[in-house]
Every structure is written in C-alpha cells, then in structure tokens.
**Student:** 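Take this structure first; my questions come after.
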Amino acid sequence: MLIPIFNHIKRAKMAIISVKNSIKRRFLNIICEILFIFFLTIFASLSQTMNTSKVVYLPQGSVGEIISYLAKLNFKVDGFDKYILVLMGFPQSGWIDIGKTTLSKFDFLYKLTTAKAAMRDITLIPGETTAYFFYDISKKFGLNYDELMRNYLANSPIKEGFLVPETYKIPVGISEAHLVYYLINISKKQHENLSKKIFGQWDERRWYEFITIASVVQKEAANKDEMPIVASVIYNRLKIGMKLQMDGTLNYDLHSHEKITPQRIANDNSRYNTYKYAGLPPNAVCNVSFDAIKAAIFPKKTNYLYFVRDKSTGAHIFNSTYEAHIKAINRSNKAK
C-alpha cells in the first residue's frame, strides 16, 4: 500500500520541479526579452542622427547640468544620455570640436568627452557698434553677417550696447547662433555682477538706461578721466531740455567709423541725430566699457554745458557758457 503512495508523491514532486523549472525558464526568457528590448532601445537611441554645429560650447557643471544645457539648445539628448556620458567619461568644459554637422548620437556624446576646439581671438573694443563688430567677424571667420545680426536681435535684451568689450576666445568653425549665444551669455553675467556690486541688485530696465547714457559718454570722451565730466554735460543738457548735439550719436550701427560732416548732420533724419532731436537716442549707440557705465551712474557734479576738443592735446575743454565755449573753439583752431 505504501509503494503506490510513494510513487504518487514522487511523481508530484517531479511535477512540481518541472513546473518550477518551466517558470524559471519563462522568467529568464522574459528577463532576456526585456534586456534585449532595453539594449535595442539604447542602440536605436545612440544610432539616431544628430544635427549640430562643428563646435559646441559646454559650461562647467555636472553631467546632468550639461545634458540639460544641451537640451535647451535643442540637441536631441535626454536624461538617460547622462548615464551614457558617465560610462564614456566626464564631458570637457569649453569649446568642443565636433568636426561634423551630422553624426550619430553615440559619436556626438563620445566627442564631448574627447575633443577640443582650435581657438582664435576676437576683440570688441569699447565704443564699437555691434553691427560693425559682427561685420568684421563675418569677414574673418567666414560667417554670415545677416545671420549674426538676426540671432543677436532675437536674443539680446537691448538693440545695442549689451556686449561687453574684451577679447574672446572663439573656436574655428563655430556657427552664427552659437557664437551669438556665447557672447550674450557671458555679457549678461558680467552686467549682472557689476550691477549687484554697485546697487546690490539687478534691475535690468534701470541698467539699460545707464548703458544708453554710457554709450554717448564712450563716443565723446577722450579718455577715462573725462568720462564723468562728459556724463555731467549730458545730464545738465537733459535737465534743461537742451539738445545734446553730439557727433558720437551719429556713429551708430555700420556708421561706426564715419566722419560726421555738416552734410551728414543735415541729411540724417533718424532719432540718433541729437542735433535735430532732443533727449537721448532711442538706443545705446555702441558697446561700452565699465568705466563709461560707472561715469553714467556717478557723473561729476559740474555746471558744464559745452566742450570742444583741444587740438593741441586731444583732450576736451569744458565750459558752462556759450561765450566761453566759442572762445575755446577759436583758441583750439588757432593752435591747429
């Protein structure tokens, strides 16, 4: 009687073992299928085509911050790609030479960890207009001037005066959009820092008003020491409703290096012509140094309304009355 019972128990155990083995095989198959789909998804993602400029700028920060930065620039990257980057190595900061404008995502991510860009210097001098600066860059770097200006006007908070004059290191092969984004981003940080240092806060509207005044100071002052005095003349004239009548306001846009003649004053009907229109020009007339901005914020207290260049020294002679101003003009002309 016991033997049949043991046989039944044995068969039951065998059946249970068979079921367990079947479940294990099915579970392993499911795991394998999931892993296959997972790696197939990764392969498909890394194989997709990326469109980029030949060089890309990467800020300092964590891998996640870099991926977020690239996503904001409309690169086809997502949160999962940061893990791929970690496996490849940490991305470099600065300009990265991608080399191609079309490549796979895998190659793109790999370039971010291995490549560097060849650099060239470009210098924006105080008093230069953005239009002329970009015109010069377009010739030296083989870029499209209209594209540079279009991107600048679309992204800069003000039409003129926002770029900080200094020497920038620019990678060979950079696109118009990336160059403008880089220049604006760096300039914004410097404006914010100076504003917070002076006022303890960043008030954009107020700051840009100072930039407009500073741009006229930049165009008119012969040197750094004169800037607060020229600023005082501007404020004094504005206070009494007197036209600024300053040549520098006519050196806007691509007119940056033109000599201002009586004919030009007579023919220019734009609001930049402060001989015809009272008040400040509608926008800044050039990019300005921080010395000019400080002069606009902290003008010297004077009664001056006039100034003329002393042709013997190159500096200006300042006066409070028109009569004294005419005498200074006559003396300067005799010294010529």
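The first residue in the sequence is number 1, and the count goes up from there.
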**Student:** How close do Ile67 and Asp78 get, counting heavy atoms only, and between which atoms?
**Tutor:** CG2-O, 3.3 Å
**Student:** Are Arg150 and Asp146 ion-paired here, with the side-chain N under 4.0 Å from a carboxylate O?
**Tutor:** no
**Student:** Please find out if less than 6.0 Å separates the ring center of Tyr145 from that of Phe134.
**Tutor:**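 No, too far apart.
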**Student:** Is the distance from the ring center of Phe108 to that of Phe75 below 6.0 Å?
**Tutor:** yes
**Student:** Going by heavy atoms in the side chains, are Gln245 and Arg237 under 4.5 Å from each other?
**Tutor:** yes
**Student:** With side chain to side chain contact (heavy atoms under 4.5 Å, CB included) as the criterion, how do Thr129 and Asn287 come out once you've worked through the C-alpha distance, each side chain's angles and the decisive distance to 0.1 Å?
**Tutor:** CA-CA 6 Å; Thr129 64; Asn287 294 292; 5.6 Å; no
**Student:** State, with a plain yes or no, whether a side-chain heavy atom of Thr302 is found less than 4.5 Å away from one of Phe318.
**Tutor:**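 Contact flag for Thr302/Phe318 side chains = no.
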**Student:** Hey, could you give me the CG/NZ distance between Leu103 and Lys111, rounded to the nearest 0.5 Å?
**Tutor:** 8.0 Å
**Student:** Would you say the side chain of Leu238 lies within less than 4.5 Å of the side chain of Leu244, judging by non-hydrogen atoms?
**Tutor:**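 Of all side-chain heavy-atom pairs linking Leu238 with Leu244, at least one is under 4.5 Å.
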**Student:** In sequence, state the C-alpha distance, the side-chain angles, and the governing distance for Thr49 and Thr102, and then conclude on side chain to side chain contact (heavy atoms under 4.5 Å, CB included).
**Tutor:** CA-CA 7 Å; Thr49 300; Thr102 303; 3.3 Å; yes
**Student:** Does the pair Lys54/Asp97 count as a salt bridge with the N-to-O cut at 4.0 Å?
**Tutor:** no
**Student:** Quick check for you: to the nearest 0.5 Å, what is the distance between Asn283 atom CG and Ile211 atom CD1?
**Tutor:** 11.5 Å
**Student:** Of the non-hydrogen atoms in Asp247 and Ile260, which two are nearest, and what is the gap between them?
**Tutor:** O-CG1, 3.7 Å
**Student:** Just verifying a value: how many Å separate Tyr277 OH and Asp268 CG, rounded to the nearest 0.5 Å?
**Tutor:** 9.0 Å
**Student:** Please report the interatomic distance OH(Tyr182) to OG(Ser175), rounded to the nearest 0.5 Å.
**Tutor:**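 Going from OH on Tyr182 over to OG on Ser175, the span is 14.0 Å.
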**Student:** Mind jotting down which residue pairs meet the side chain to side chain donor-acceptor pair (under 3.5 Å) criterion with at least one end in residues 211-220? Sequence neighbours excluded, please.
**Tutor:** Gln218-Ser289
**Student:** Show every donor-acceptor pair shorter than 3.5 Å between a side-chain atom in residues 290-300 and any protein atom, with sequence neighbours excluded, or say none if there are none.
**Tutor:**
none

**Student:** Give the C-alpha distance, both sets of side-chain angles, the deciding distance and a yes or no for side chain to side chain donor-acceptor pair (under 3.5 Å) between Gln201 and Ser195.
**Tutor:** CA-CA 6 Å; Gln201 63 178 349; Ser195 175; over 6 Å; no
**Student:** State yes or no: are the ring centers of Tyr322 and Tyr306 separated by less than 6.0 Å?
**Tutor:**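 Ring-ring flag for Tyr322/Tyr306: true, centres closer than 6.0 Å.
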**Student:** Could you tell me whether His255 and Tyr252 have their ring centroids closer than 6.0 angstrom?
**Tutor:** yes
**Student:** Quick check: His191 with Phe162 (ring centres under 6.0 Å apart)?
**Tutor:**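 Judged by ring-centre distance (under 6.0 Å), Phe162 and His191 do meet the cut-off.
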**Student:** Would you call Ile96 and Val55 a side-chain contact if the rule is heavy atoms closer than 4.5 Å?
**Tutor:** no
**Student:** For residues Lys169 and Trp95, report the shortest heavy-atom separation together with the two atoms involved.
**Tutor:**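 Heavy atoms only, the tightest pair is O-NE1, 3.6 Å.
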**Student:** For Tyr275, give me all partners under ring pair (Phe, Tyr, Trp, His ring centres under 6.0 Å), at least two apart in sequence or on another chain.
**Tutor:**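 None.
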**Student:** CD1 of Ile186 to CG of Leu163: how many Å apart, nearest 0.5 Å?
**Tutor:**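 Here the interatomic distance stands at 10.5 Å.
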